Number of protein chains: 2
Amino acid sequence: MAETTRPEPRYGNRPTMKDVAARAGVGLKTVSRVVNGEPGVTPETERRVREAIEALGFRRNDSARVLRKGRTATIGLVLEDLADPFYGQLSRAVEEVARAHGTLLINGSSAEDPGREQELALTLCARRVDGLIVIPAGDDHRYLEPEIRAGVATVFADRPAGLIEADAVLSDSFGGAREGVAHLIAHGHRRIGFIGDRPRIHTAAERLRGYRAAMDDAGLPVDERWVAPGSTDPERVAAAVAGMLSGPEPVTALFAGNNRVTVTAVRVLAERTDRGGPPPVALVGFDDIELGDVLGVTVIAQDPAAVGRTAAQQLFRRLDGAAEAPRQVVIGTRLLARGSGELPPSSR
Amino acid sequence: MAETTRPEPRYGNRPTMKDVAARAGVGLKTVSRVVNGEPGVTPETERRVREAIEALGFRRNDSARVLRKGRTATIGLVLEDLADPFYGQLSRAVEEVARAHGTLLINGSSAEDPGREQELALTLCARRVDGLIVIPAGDDHRYLEPEIRAGVATVFADRPAGLIEADAVLSDSFGGAREGVAHLIAHGHRRIGFIGDRPRIHTAAERLRGYRAAMDDAGLPVDERWVAPGSTDPERVAAAVAGMLSGPEPVTALFAGNNRVTVTAVRVLAERTDRGGPPPVALVGFDDIELGDVLGVTVIAQDPAAVGRTAAQQLFRRLDGAAEAPRQVVIGTRLLARGSGELPPSSR
DNA sequence: CCCCTCGGGGACAACGTTGTCCAGGCTCTA
DNA sequence: TAGAGCCTGGACAACGTTGTCCCCGAGGGG
């Protein structure tokens with residue numbers, strides 16, 4: 001027994017090209033030629049090889065292929081939570097672009113945990129993805145520097161990179177929020193509440209900045225009790241809404257900083273109305289929600305598919321060798337007026 | 001120049017263990033020992049190796065590792081459309097189980113195209129995933145037989161496998177639909193419409209069967225004009241709804257066969273009501289939708305996360321060597337009464 | 001003081017594929 | 001008919017890692 005290694009079940013003992021070659025009575029390289037559609041094989045030989053492949057149920061081992069060729073034809077996408085429709089659509093758009101380039105996509109969720117983001121991104125690098133699209137959870141991406149230097153094309157989406165220079169594709173959070181709040185002001189509101197995600201998150205900070213800019217543009221003061229940045233946890237959001245609507249000078253309108261906040265706000269406001277309670281409160285949300293049209297919720301709509309598509313296209317441009325300086329692309333937002341944002345201030 | 005091959009940029013010339021070994025002044029295997037936390041390395045040597053790793057930005061090449069070890073620590077998930085919240089949640093649940101097992105998940109969308117399902121599944125097999133979870137788009141999975149025989153653990157989710165024996169985790173489509181339709185009957189409806197997905201899809205057929213069973217249980221006849229299986233395309237669904245609500249004997253209630261149909265139905269019915277039109281129509285949908293509570297839509301709720309989690313757990317049981325006969329697990333559904341399903345029949 | 005043991009470290013082969021190079025047989029032409 | 005290609009097919013090395021085996025040096029006991 002000269003046999004040495006053989007560690008485990010070994011892919012359940014799959015046939016290799018060598019086995020196919022033996023069965024077809026040809027050389028190893030000839031099988032490789034057939035499998036890869038390379039020229040230089042007689043039809044008769046090819047037939048024999050294909051027969052053997054069929055009979056043995058052979059399938060080429062891509063790990064070995066990758067090792068030899070140096071390219072994996074794979075890109076990675078690190079996102080926040082696949083169960084969030086926003087990221088689902090974004091991911092899907094990336095997948096389609098990848099597919100068009102004959103490339104496989106691996107996506108994973110960071111669950112908004114910077115540590116997990118890093119772990120995931122580096123795992124993907126160890127698998128030697130050709131490129132990486134990252135939707136940041138953290139705000140320090142220096143850990144990616146060695147990878148980028150080693151040739152992993154990297155594009156950030158939805159939020160910019162932290163502490164490194166890199167391509168990024170973003171939605172216009174600042175402009176969108178400013179427009180949404182201005183819309184409320186145009187409909188007569190003066191006391192407007194802002195409920196957003198943690199300001200450590202770039203988009204959340206930008207939206208808050210847009211809110212303040214719109215108020216400032218109109219010469220309106222901002223009472224800090226109207227501003228509630230923090231987690232998107234439904235309980236926290238519900239409490240914030242309740243807080244802003246109580247007291248001597250309640251807000252007459254709300255701006256919700258993202259789709260999860262909007263959903264909770266809609267729910268809370270609906271309960272309030274069901275109880276035959278106080279007059280309705282105007283609402284504009286950042287990012288569209290499903291059935292928003294039916295519910296009559298006015299939103300600043302982002303285009304997650306466009307963000308994903310654009311990021312993927314930029315990534316493939318880099319993979320094709322584009323070497324310009326890193327650039328930021330901003331995807332515009334659209335105000336969809338559906339009723340909730342056009343309510344006049346209640347008379348108290 | 002004895003150098004021969006060197007095909008392409010080669011991962012951008014990443015350092016290998018050999019480079020690390022050279023820099024640290026140790027043997028190749030010693031680096032491997034450090035990287036894998038194997039015993040038999042002096043602290044001093046380990047320190048030198050780690051320093052070299054850091055300095056060079058070395059990261060182990062998992063392709064080579066996989067080739068050598070024979071296990072990829074990767075599973076694949078073939079689903080229909082990642083942008084659909086149902087699959088997003090399912091995928092996320094699978095991801096969490098995989099993560100707990102130190103395994104990476106690769107998911108891809110078949111776009112409901114059987115050809116794409118097969119292409120994707122076989123691509124994943126070529127990458128030597130250890131296991132595969134498939135949400136079928138097609139109804140013939142014999143193409144997977146060689147893979148399964150070769151040792152790829154395979155579990156089907158949401159829909160059973162076609163023409164092969166395999167584990168499957170399903171929602172109770174038949175029972176759920178039957179319960180939903182019975183609910184409408186209990187609220188006085190006699191003419192109930194069914195709008196579902198293409199009956200080639202197993203779950204769609206089961207739900208239609210559940211509809212018929214409930215009608216039959218109550219001794220009610222089914223007019224074939226009330227039954228509209230087909231695509232979930234909004235236009236088709238809208239037309240079907242319109243058709244059922246017109247004519248001399250319109251239906252007084254609708255059962256929607258899945259979340260996409262429900263969404264369109266809600267939208268169409270809302271428009272009808274906005275126009276101050278005819279009396280409301282009762283609606284029960286299969287599968288929950290976002291904000292269904294706010295909208296007051298009665299649904300038969302599935303638990304996509306439970307389906308995904310259960311399928312993943314079964315997969316890992318197989319990977320751990322479980323060898324019982326293939327088995328089907330059925331996850332129950334829950335009726336959530338929220339108003340739309342409790343409306344009485346309109347008096348015309 | 002010598003031998004034996006033990007433990008750290010290194011040489012080597014092998015995983016399955018693909019790129020290079022060459023051998024042999026064929027055809028075509030001078 | 002012989003020489004010059006051309007076409008088919010195969011031998012071999014290399015990709016980066018890990019498993020096996022062995023060597024060498026230090027330390028302890030006889």
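Just so it is clear, the values below take in all heavy atoms, side chains as well, and ignore hydrogens, waters and symmetry mates. What you see is a predicted model; the values in this text were computed from it and never measured. All chains are named by letter (A, B, ...) in the order of the sequence lines, taking the proteins before the strands, and each is independently numbered beginning at 1.
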Is the base of D:dG10 touched by the side chain of A:Arg33 through a donor-acceptor pair closer than 3.5 angstrom?
yes

Practice prompt. Using the six-membered ring wherever Trp is involved, compare the ring planes of A:Phe156 and A:His141 and label them parallel, tilted or perpendicular (cut-offs 30° and 60°).
Written response: perpendicular

Practice prompt. Check every strand shown and say whether B:Val41 touches a base, only sugar-phosphate, or nothing at a heavy-atom separation below 4.0 Å.
Written response: sugar-phosphate

Side chain to side chain donor-acceptor pair (under 3.5 Å) test vs A:Asp130 passes for just one of A:Thr74, A:Thr103, A:Thr72, namely A:Thr72

note: A:Leu56, atom CG; C:dG16, atom P; distance rounded to Å ~ 14 Å

Heavy atoms under 4.0 Å, any strand shown: does B:Arg60 hit a base, just sugar-phosphate, or nothing? sugar-phosphate

Whether over 12 other heavy atoms sit under 6.0 Å from B:Glu38 CD: yes

From CG of B:Asn61 across to P of D:dC15 the rounded distance in Å is 12 Å

Comparing nearest nucleotides in DNA chain D, the 5'-proximal residue of the pair A:Val26, B:Asp62 is A:Val26

Between CD of A:Glu38 and C1' of D:dC7 the distance, given in whole Å, is 15 Å

Side-chain contact check for B:Arg65: nearest option of D:dG10, D:dT18, C:dT17 is D:dT18

Query raised in the report: If only side-chain N and O atoms of A:Thr45 are considered, is one of them under 4.0 Å from the OP1 or OP2 phosphate oxygen of D:dG9?
Result: yes

Test log, rule side chain to side chain contact (heavy atoms under 4.5 Å, CB included), inputs B:Ile201 and B:Glu112 = CA-CA 10 Å; B:Ile201 298 173; B:Glu112 292 192 66; 3.9 Å; yes

A:Met17 CE to D:dA13 C1', in whole Å, measures 16 Å

Rounded to whole Å, the CG-P distance (B:Leu28 to D:dG16) equals 11 Å

Distance test, side-chain N/O of B:Thr42 to OP1/OP2 of C:dG9, below 4.0 Å | yes

B:Lys29 atom NZ is separated from D:dT20 atom P, nearest whole Å, by 9 Å

Quick one: is D:dT18 close enough that its OP1 or OP2 comes under 4.0 Å of any side-chain N or O from B:Asn36? yes

Can you check whether A:Ser32 has a side-chain N or O nearer than 4.0 Å to OP1 or OP2 of C:dT17? no

- Query: Does B:Arg14 make a side-chain N or O approach to OP1 or OP2 of D:dG16 shorter than 4.0 Å?
  - Reply: no

From CZ of A:Arg47 across to P of D:dT8 the rounded distance in Å is 17 Å

B:Arg127 atom CZ is separated from C:dG16 atom C1', nearest whole Å, by 16 Å

Does A:Lys69 make a side-chain N or O approach to OP1 or OP2 of C:dG19 shorter than 4.0 Å? yes

Distance only, no hydrogens: is a donor on one side chain within 3.5 Å (strictly under) of an acceptor on the other, for B:Arg92 and B:Gln89? no

